[in-house]
Amino acid sequence: MPWNTLIDVSREHVLPLTVQIQENIKREISEGALHPGTRLPSSRQLAEDLGVSRSVVVEAYGQLVAEGYLEAAQGSGTRVAAHLTTAPQTPTLLADSRPAPVARWDLRAHNADPAAFPEREWLAAYQRAVRRMEPRELGYPPLSGLTALRAELAGYLGRARGVHTTREHIMVVAGFAQALGMVCEVLPRLGIGTLAVEDPCHPQQRQFIGESGLRCRPVPVDEDGIDVAALARSGARAVLVTPTHQFPTGVVLSAERRAALVRWAQEVDGWIVEDDYDGDLWLAHGRRPTALQRLDPSRVLYAGTASKSLAPGMRLGWLAVPPRLRGPLEEARARRDLGCEAFTQLAFAEFLATGLFDRHLRRRRARLRARAEIFQQAVRRHLPGARITGSMAGLHAGLQLPHRVDEPSLVAQALRRSVLVRGGRTYHHRPWLARPSLVVGYASPARSALAEAVRELGEACADLTGGHRLRTA
Ligand SMILES: Cc1ncc(COP(=O)(O)O)c(C=O)c1O
């Protein structure tokens, strides 16, 4: 490759040639064209490509090595330093793309438990599915998903979540992130310009909705879930909710509020998007709430995902679509891509049909329940003034702190003790008004590490309060 396409120098420029080469290389590294570890041409080669003397390149390389941009190793030439990160990735809907500080205990909410992935069973299902695949299934899949998977999902959602739907109304998507993108595209076509969200909620979702051109209207959440009266006052005609396990507080939408929410949608001729992101992973004893969708399948768009129950890397989700939204959503889907990858769809259909998913969920719930219990005990012991909010489900819990705790100082002090945790205020529309809290993911650390991490959180609190343990709220 002639390097003068990337590195462009001119004798007319006010800057010396050496500096121009350095600036060009730094720019290409920061913009992501030159990746960490990329080998640069020899100084002789680059000098030839650029039409400059070799000493100019040698000096430029030397300076970049001194500044840490390049590494020079005997025998392997000059490379872009391995520790440098490439260009910032395009922000995705849900993932926090900021590099996380290194910590011994990582208690962030989105952390999955990679060890819980049912590798053997998944491989077996995948193999069977690929072996049985028919030639037509190697073509472009139907936009809404393969019939076999949609039939399995309709059955599963009915028996496991009480969803009222049929295979014709199931749509397979690349995770909830894609579904939300489609919803944001479809609502304005239905004459809706505002999408209400819960406050607190996922900050990236709030940002995404705002950037999609819709108005995003945060509506407060209390112990019973979203405040439906406040929603009605907001003037919105569509809302995104997490009724089974509110994200991030964990509260469950009460029966009265469920009924009121559906009544509101009927009265305003509006829509409810039910994000049932961890509905498969109800851990508390006692009855798990069924999907809100069953109260009015014509108004509630139900969304599920494999991200919490299996792995976010699968990029697999599903919708149970109200009949009136089916056409618009299919059109929106057609504008986006040509459907979800068929192999994973067939394998997941097999996984559902053979009962492997149910078995996996039973094991996963038992594993998570054990961790949730350790977490609860550790909180009682080391953070007695804190209160776990809502119900135990999924991979995380909300932890309310006494008013006097300064949340940002606690998060910073926890990190000094090598615990990486997110403060609850980051999820709020108006963080300065929110009560101090933490959002704690308990799925990924080993059980013993989990108790240690909470103990360190307790110590971090004590550091801030002059050695006193956190007492009453
Ligand atoms: C509130 C919420 N909804 C949905 C999802 C899942 O999104 P996806 O299916 O795109 O992975 C997540 C994952 O972190 C989430 O936190």
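When a ligand or atom number is given, it counts from 1 through the structure's own listing order. Values below: all heavy atoms of this structure, side chains included; hydrogens, waters and symmetry mates excluded.
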### Query
Going by the order shown, which atoms of ligand 1 are within less than 4.0 Å of some heavy atom of Ser307?
8 (P), 9 (O), 11 (O)
### Message
Tell me every residue that passes side chain to side chain contact (heavy atoms under 4.5 Å, CB included) with Asp296, counting only those two or more places apart in sequence or in another chain.
### Response
Val262, Gln266, Ser298, Arg299
### Query
So is there a nitrogen or oxygen of Phe176 less than 3.5 Å from a nitrogen or oxygen in ligand 1?
yes
### Summary
Here the gap from Thr147 atom OG1 to Glu168 atom CD, rounded to the nearest 0.5 Å, amounts to 9.0 Å
### Message
Below a 4.0 angstrom heavy-atom separation, can you tell me which part of His110, side chain or backbone, both or neither, approaches ligand 1?
### Response
neither
### Message
Side chain, backbone, both or neither: which applies to Gln178 and ligand 1 if a contact is any heavy-atom pair less than 4.0 Å apart?
### Response
neither
#### Entry: Criterion ring-ring contact (aromatic ring centres under 6.0 Å, His included) on Phe348 and Trp318, from CA distance to verdict
CA-CA 12 Å; Phe348 192 48; Trp318 43 88; 5.4 Å; yes
### Query
Mind checking what makes ring-ring contact (aromatic ring centres under 6.0 Å, His included) contact with Phe247, not counting sequence neighbours?
His202, Tyr277, His396, Tyr427
### Query
Asp275 heavy atoms, cut-off 4.0 Å: which ligand 1 atoms fall inside?
1 (C), 2 (C), 3 (N), 4 (C)
### Query
Looking only at atom types and distance, does a side-chain atom of Arg161 sit under 3.5 Å from a main-chain N or O of Pro289, one as donor and one as acceptor?
yes
### Contacting atoms of ligand 1, where contact means under 4.0 angstrom from a heavy atom of Arg315
8 (P), 10 (O), 11 (O)
### Query
Which of the numbered atoms in ligand 1 are below 4.0 angstrom from a heavy atom of Gly175?
9 (O), 10 (O)
### Task
Any atoms of ligand 1 less than 4.0 Å from a non-hydrogen atom of Lys308? List them with their elements.
13 (C), 14 (O)
### Message
Working to the nearest 0.5 angstrom, can you tell me the gap between His360 NE2 and Leu352 CG?
### Response
11.0 Å
### Query
Applying a 4.0 Å heavy-atom criterion (strictly less than), which segment of Phe247 is in contact with ligand 1: side chain, backbone, both, or neither?
side chain
### Task
Heavy-atom distances under 4.0 Å are what count here, so tell me which part of Pro312 touches ligand 1: side chain, backbone, both or neither.
neither
## Note on the structure
Taken to the nearest 0.5 Å, the spacing of Glu267 CD from Arg263 CZ works out to 7.0 Å
